[in-house]
Asks: 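Structure in structure tokens, see below.
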Amino acid sequence: MAEMRTALGMPITHQTKTSKNPIIQWILDVWEGFYTVLVGMGVTWRHFFRKPFTVQYPHEKLNIPKQARQRVHVDIDLCGGCLQCDKICPAGIIKIVTAKPVAGEDLGVRPNGKRRALHIAEFTIDHSKCLYCGLCETVCNDDAIYMIPDFQYTTRSLEQLVVNYSRYSPEERDRVVAAAAAEKAAKQASKPAVPQTKVSDPQPNIPSPSVDSDVFNEKCPGPDGEFK
Amino acid sequence: MNFQDIAILFFGLLTILSATFVTFSPKILYSAFSLLFTFFGVAALYLILSADFLAATQVIVYVGGILILIIFGVLLTARITNLEILEQTQQRFIALLPIGSIGLGLILLILFTNWPINLLPNEPTTATIGKKLILTYVIAFEASSVLLIAALIGAVRLGRERNDENVQ
Amino acid sequence: MSQFNPLEAFNLPIVYWQIIWAGIIVAFVTVFALFAVYLERKISAYAQDRMGPMETGGWQGWAQTIADALKLLLKEDIIPELADRRLFKLAPYIVFAGSLGVMAVIPFGVNLIGTDLNIGLYFILALSSTVVIGILMAGWASNNKWALYGAMRSAAQMVSYEIPIGLSLMLPVLLTGSLSMIDITNAQKSGILADGYFWNWYIFRVPPFTLIAFILYFWASLAETNRTPFDIPEAESELVSGYHTEYTGIRFAMFFLAEYANMFIVAAIASVVFLGGPLAPAPWLNWIPGPIWMLLKSLVLVFIQMWLRWTLPRVRVDQLMHICWKIFLPLALVNFIVIATLVVLWQK
Amino acid sequence: MPLQEIEIPLGIRTPNTDGIVGEAMVLNMGPQHPSTHGVLRIELHTDGEVVFEAIPHLGYLHRCFEKICEGLPYNQIVPYTDRLDYLASMNMNLGYVLAVEKLMNIEVGERVQRLRVVMAELNRIASHLVALGTFGLDIGATTPFLYCFRDREKILDLFEKACGARLLYNYIWIGGLARDVDENWINECIEFLDYFEPKIKEYNDLLSFNKIFIERTANIGVLPPEVAIAYGCTGPTLRASGVKWDLRKDEPYSGYEKYDFNICVGEGEKGTIGDCWDRYWVRVLEMVESVKIVRQALDNIPQEDISAKIPKNFNKMPVGDVYFRTETPRGEIGFYIMSDGTKTPYRIKVRSPAFCNLSVLPVLARDQLIADLVAIVGSIDIVLGEVDR
């Protein structure tokens, strides 16, 4: 190992001088103690004049790469309701309730050009149990769920970390789920279902997320990040 | 009543009160700790009587040495973690005889001594003490140092002996 | 050189002056402790590539320790249920009083001193031994095993290190022929070559020996003040926090204050005894008053104490004793004997 | 020495000096204590400052890892392995993934293998830096700890750029990697290695060769090789006792056989072979070796699809059991996986190195001072997440 240490500029072996004479040995020991203390003081002395390694956190932030996995974010407009993320999540924190639109109801087109086939009646993520493994991100076909580098989302209670990303209010959710169930029941009775009243386009009256979390109501940075 | 009188009264009272506490406290550690105040009171009295070297010696020897030894002794007993180390008083009447005679002797001594009333001016005593120790009382001084060295050697011998047995 | 004599200037009876000086000392120690804690945090930060307190008070977080002290004052005073309440309450005062009392004989200027006892140095040694009692009291009364261990270690350590400290401090006493702090200071004004220069200070007076005595005193004083590498009474990785593990709020603050006051005291003693105290290093610097020189010298020593703390690991209990009895004591003894012989020869 | 001659502690001893049976003082070190490296509780039976019996009590961080695994598909277990040894998550991922790949007979490509080695070795450096720093902290030196963390931060930055996480990576997947790294990352990695190598001298000046540090650690907690083997110690703890045993050399996996590096063993430079200083020093030397391995692995790294071999689902698993062990910074981690053909494992058993290394503590701690016990606990470098699982 000696050649390796010389290559690094380290002493080959830090062999201290030893002596048979106990008095000389005593002097050598005292000197070594004194000398190594001075060497150590030299190291810290040089550091007094070095630029600090840390940054003053709230005022200046370190550059977080945009692929950082700090929080799960859902772009609900893109979600097709395939439930892949729900299935892959090791901690089981994603709860998705979908409902088929009733006959004749058109849910429009998603921003990525695909047809919206399902009501995403509920899309709840319990952030307090998240493992930050990023598996949900890798299985999503529509890039609707992804990790964002937003790490400041402290809340005052654990309940506030359970966030519903769906645009449907609880009443609307119950309504579409009931409607889908009714139509299914009606189909099973092999009768053409009575056309229901058309569900209004969810876009005009966007209900706020059902949980009052200031943090989550704020505009989240996208995957490209507005982070410095 | 000037400042000195007040000081003498205060420190005398402190000494006597804490000494009483040393004697009558049921907890042995309380006794030990109140010795601190006794020693300090005595040192302060020395200081008022312009014996400043004696006062500092009183503190350094009794507080810095003997008191710490006493507390160490108490703490090194088997049940140090027990806060309730109590002291038992036994055979009070037998003890009364020697203590009473010594006390009587001291009281007689106080009453029949011709105490100087005027306080000496505050003069340095260190040099005088040093000269007296090394010139006038040199034999006593050296004898006591020999005694101390003998005690030290004895202590080292005792400590070593026990270690050697442990090694075997 | 400050020749200002407060006794003459205000024409006060000496008792009043001493009471005023006591007040000044208490205020000074408190302010100094706050400043020293801030300094310690900054020094540790810069030694470790950090920034330390930066927020409180604006510029460089200067108000951080003031805020911390206020917080400690406002905190609940918790006394453990099974602790010995009376001794638990008493201990911080004894520790604080012990270290504060020493300040009485430290000269800040040639005439700026609480009381010029003619046994000044001896008085310092005597009074600093009372701190041990307070620490033992705190450790035992806490009814906590870690605190007890800390107290025992502390007592053993401080009692042992009094000896090399005493022997090292005896060198200037031998050279001066007096125990008074003022006499020791004045004796460093003149000596070899020209008067009033720094080479007259005792650290440079008898070349290797007084320097060794100074180094020995400085290292032993680290043990006396429980500083790294000799901070084993409060070694946080072993004993959690040593003898003040159970203390909170204002009582903890008193221990803390006493610790930082002690740091200043040992530095002040070193600067008076070895570095000429309030004397300027050269006559043409005499326009700077003595108290500033005194503070400057003490602060440099305090800085070195902190610098050492953030560099070195901690020694073990038995190694501490080994260093004291087998390294410091022989060196101090040899030093002492050589200087004593030299002084005797000199006077002949 | 035959095994029978090794004294194994049985029961609790009592102090016996000069025929006087003293009363033991029972001291609870932990679960909240500055130097137990997590929620470890050590029951100390002391006589004054001398510890004559130290009994570790575990389980404060038990999270049922093995039971959780029985209910999860194979690929979802990977994030849970991160949490075993949270200071060396990459190595944990690698150990588990290699075990599953052995079960499924997957051969990954050259780039994946090399990147896995790079990540594992970088994580070894990061983990050893924590070990060094906290060991210094146990001895009372605060500054080296901060320096070590400063350099570890740079490794974590690299990891964050590669996979998005700083501590729990979920980077090494069954059959591949979560993300590929680009040329830029490789350059940054080499930049880091150039920066890091001279820093080792700084640690040595400040800590390794400091007289006080040597006095505190040399000849303390000597672990003879026979005892180390008898207790199943692995990793630096074993190698410091002079046993040349490293799975990267002895049972090469993931292409370790291609790299040129040394197995660092304790030589008793400052005291006896197998003392605390040797355990510390072996870690310092291993960081140098890891730097060497990373350089070799990054040299001319081939381009390929890193996700080609990732299985789509785990519905058709081979039935049977498999055991695979790898070398983590703390020693051998072994994953024993029983498969019944379903997509979740029937049983997973983890042989964790820190647990086995900790079991030797009662032997090492006998008749040592409390201060030495702290040094011993620091030198065997346990991570409670892995001890308790």
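Given the structure is predicted, the values throughout are model-derived calculations rather than measurements. First the proteins, then the strands, lettered A, B, ... as listed; each starts at 1.
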Asks: Does either side chain, that of C:Arg227 or that of C:Ser221, offer a donor lying less than 3.5 Å from an acceptor on the other one?
Replies: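 Side chains of C:Arg227 and C:Ser221: no pair found under 3.5 Å.
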Asks: Could you state the interatomic distance from CZ (C:Phe303) to CE (C:Met263), rounded to the nearest 0.5 Å?
Replies: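 If I round to the nearest 0.5 Å, the distance is 11.5 Å.
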Asks: Under a 4.5 Å heavy-atom cut-off, does chain C meet the side chain of A:Val30, its backbone, both or neither?
Replies: side chain
Asks: Any side-chain donor paired with an acceptor under 3.5 Å for A:Gln56 and C:Glu55?
Replies: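 A pair is found: one side chain offers a donor N or O, the other an acceptor, under 3.5 Å apart.
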Asks: Do A:His73 and A:Tyr146 make the cut of ring centroids closer than 6.0 angstrom?
Replies: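 When the ring centroids of A:His73 and A:Tyr146 are compared, they turn out to be within the sub-6.0 Å range.
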Asks: For A:Trp45, is it the side chain, the backbone, both or neither that has a heavy atom under 4.5 Å from a heavy atom of chain C?
Replies: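 Contact with chain C is through both the backbone and side chain of A:Trp45.
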Asks: Quick check on the 6.0 Å ring-centre criterion: do C:Phe256 and C:Tyr260 meet it?
Replies: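 Centroid distance C:Phe256-C:Tyr260: below 6.0 Å, so yes.
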Asks: Given that the side chain runs from C-beta out, which part of A:Phe49 has a heavy atom under 4.5 Å from chain C: side chain, backbone, both or neither?
Replies: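 Looking at A:Phe49, nothing touches chain C.
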Asks: Which answer fits C:Leu312, side chain, backbone, both or neither, if we ask what part of it has an atom under 4.5 Å from a heavy atom of chain A?
Replies: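 C:Leu312 touches chain A through side-chain heavy atoms alone.
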Asks: Using heavy-atom distances under 4.5 Å, tell me whether C:Ile323 contacts chain A through its side chain, its backbone, both, or neither.
Replies: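 C:Ile323 has no heavy atom closer than 4.5 Å to chain A.
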